[in-house]
Amino acid sequence: MFEFRKPIPIGEAVSRIMANEVNGKTEYISINESNGRFLSEDLLATEDVPHFDRAPYDGFAVRSIDTALANRDNPIEFEVIDHIGAGAVSNKTVGPFQAVRIMTGAQMPENCDAVVMLELAQDFERDGKTFMSTKRMHKPGDNVSRRGEDAKKGEVLVNKGTKINPGIQAMLATFGYAKVPVAKKPRVGLFATGTELLGVDEPLEPGKIRNSNSYMISAQTERVGAEVEYFGTLPDDFDTCFEAVKAAIEKVDMLITTGGVSVGDFDYLPEIYAKLGAEVLFNKVSMRPGSVTTVAHYNGKILFGLSGNPSACYVGFELFARPVIRKMLFSPKPHLRKEQAVLTVDFPKANPFTRFVRSSLSFSNGKIVVAPSGLDKSNIVMSLAGANSLAILPGGTRGFKAGDEVEVLLLEDHEGSEWPW
Ligand SMILES: Nc1nc2c(c(=O)[nH]1)N[C@H]1C(S)=C(S)[C@@H](COP(=O)(O)OP(=O)(O)OC[C@H]3O[C@@H](n4cnc5c(N)ncnc54)[C@H](O)[C@@H]3O)O[C@H]1N2
Ligand code: MOO
Ligand SMILES: [Mg+2]
C-alpha cells in the first residue's frame, strides 16, 4: 500500500535526532594507543612546565649583575667553577664573577639568572683554573627558560572532546599521562539490505550488483571516530530482516541499515520499525539526496534507516549519524563544519529540495572554491571518491552560477560546528 510522506526541513530532522539523550562513556587507554582518539576529560597541566628554570642555550650560567660593565672594550672575566649537561644539577654556590659551564636543558644553578651563549664567550686557562670572558652585558633572565613558561600547573590545555593529535601526544607524555581518559568508541551496528547484493569477491550476475554501501559506511563511521559491528547483508525478506534487526539492536549503541526505506514493495524498514514499536522521528526530509532517510528511536537507541542509493546513503550518514557519534565522543561541536565557498561552475538544475552536492573543495588565491566532484544523482558512486565536502544548494526555482557564494560542509575536518542550520 502506497503511503504519502510529508517531508520535514533538514534542520528539524537533525533537531529531532539530537533531542534524544545519548551519553558518551570514558575508558582509560595506554598513551601508545591514544592518537586519534577523543579526550573524555579536559586536559590539565599537572605541573609547571618546565618545572625548573633551565638553560635554553649551551653557554655559561652567570649572575647578570656581574656583566653590568661588560662592553666591547671591557671584557669581564669569570672563573668557571662547574660544568653540567642536561639532566645534571650543579651543587656549587656561584659567587661574584664565577660561572658554570652549562648545556641546553640543564637546570640553572642557584644564584644564576642569565646565560652567556658559547658564541659570546671566550674560554681560557690560567694558573690551572678555567676562565671565560664576555664583552656582552646581560640583563636578569637573559637566555633563561623560566619555570612554567610553557604551562602553568592547573591550566586547562585542551578541552574534552578534542581529537588527540601528535601535539597532544607530546603534552600527554610531558605530564605523565601513561593512561589517557578517552571516549569509548561508540559501537555502530550495520546491515546492508537488498536481495540484489553480491559480495565483493563474487562475480557479477544479471540484475545483481556488488554491495558497496557497507564498506562506505564502515569507513565513514571510522572516520568520525566510532567502531563498526558489521552484521552482513540481508535479503529483502520481512521476517529475516525483522529478526536480524531486533537481535542486533541489543548488541550495539546505534544501528544503521542501508536500503529498504522508500515506498517500494520490498522496502521493509518502515514496517520493521512499526512492528518493533520504535518511535519514527521522521521518514521524509526535504533534501536531495537522502529524502527517504528514516530515523527511529527504540529502547534508548537510534536506528538510522539510510537510503540504499549510495550517494543518498553517504549524505544521510554525515548529516544524521555523524553528530550522534560525535556527541558520544564528547564533542561540543558535533556537526559538520560549515564554511562559505565560491562555486566555480554553473549548477543549473533547480530543485524544490535543498541539495547536498558531493563536492571537491580547494583553495585558490586565498579563497575557498568548490565544484561538484561528479554526477549529482543519488544512485551515483563515482562522485564520492573526490568528495571532501558537501555544497549546500538551497531548494527553490533557480539554479546556481559560477561565482555564486554557497555554504559548504567539510567532511574531513575535526573541529565541527555547533549547530549548522
Ligand atoms: N515511487 C518512489 N520511488 C522511489 C522514491 C520515492 O519517493 N517514490 N524515492 C527514491 C529515492 S529518492 C531513493 S534514494 C530510493 C531509496 O531507496 P531505498 O532506500 O528503499 O533503497 P533500495 O530500494 O533498497 O535501493 C535503492 C538503490 O540502491 C541500491 N543499493 C541498495 N543497497 C546497496 C548497497 N549496499 N550497495 C550498493 N547499492 C545499493 C539498490 O540496488 C537500488 O538501486 O528510492 C527511490 N524510489
Ligand atoms: O533519497 Mo533519494 O535522492 O532523495 O536519494
Ligand atoms: Mg527501495
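Every number for a ligand or one of its atoms is a count from 1 in the order of the listing. Keep in mind that what you see is a predicted model, and the values were worked out from it rather than measured.
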Heavy-atom nearest neighbour of [atom] within options [options]:
atom	options	value
atom 3 (O) of ligand 2	S286, S311, S378, P7	S378
atom 39 (C) of ligand 1	A192, P7, G308	G308
atom 3 (N) of ligand 1	P289, C313, G316, S262	S262

Flag the pair [X] / [Y] as yes when at least one side-chain heavy-atom distance between them is below 4.5 Å, and no otherwise.
X	Y	answer
T294	L306	no
R54	I102	no
V144	M108	yes
Q169	I164	yes
L361	L410	yes

Which atoms of ligand 1 are found less than 4.0 Å from any heavy atom of [X]?
X	result
I209	37 (C), 38 (N), 39 (C), 41 (O)
G259	19 (O), 21 (O), 24 (O)
V263	1 (N), 2 (C), 8 (N)

Polar contact flag for [X] and ligand 1 (N/O pairs, less than 3.5 Å):
X	answer
V261	yes
N211	yes
G290	no
D267	yes
S291	no
N213	yes

Please find out if less than 6.0 Å separates the ring center of Y273 from that of F242.
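No, the ring of Y273 stays outside the 6.0 Å limit from the ring of F242, centre to centre.
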Looking only at heavy atoms of [X], does any of them come nearer than 4.0 Å to an atom of ligand 1?
X	value
R5	no
T193	yes
G260	yes

Whether the side chain of [X] engages the backbone of [Y] through a donor-acceptor N/O pair (distance < 3.5 Å, no angle test) should be reported.
X	Y	value
R37	A183	yes
S417	L336	yes
T134	L120	yes

Work out which heavy atom in K163 is nearest to a heavy atom in F38; give both atom names and the distance.
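So the minimum-distance heavy-atom pair works out to CB-CE2, 3.7 Å.
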Within the 3.5 Å criterion, strictly below it, is a donor on [X] or [Y] matched to an acceptor on the partner's side chain?
X	Y	value
E41	T26	no
S311	R358	yes
N32	S30	yes
H138	R63	no
S214	N211	yes

Which of the numbered atoms in ligand 2 are below 4.0 angstrom from a heavy atom of [X]?
X	answer
S291	1 (O), 2 (Mo), 4 (O)
V292	1 (O)
G290	1 (O), 2 (Mo), 3 (O), 4 (O), 5 (O)

Under the criterion ring-ring contact (aromatic ring centres under 6.0 Å, His included), I'd like the reasoning laid out for F320 against F282: C-alpha separation, chi angles, the key distance, then a yes or no.
CA-CA 11 Å; F320 303 123; F282 55 84; 5.3 Å; yes
Do you know how many protein N, O or S atoms are within a distance smaller than 2.8 Å of the Mg ion (ligand 3)?
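Near the Mg ion (ligand 3), the number of protein N, O or S atoms below 2.8 Å is 2.
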Measure K284 to ligand 1 on non-hydrogen atoms and call it side chain, backbone, both or neither using the 4.0 Å cut-off.
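Side chain only.
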Side chain, backbone, both or neither: the part of T233 lying under 4.0 Å from ligand 1 by heavy atom
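None of T233 does.
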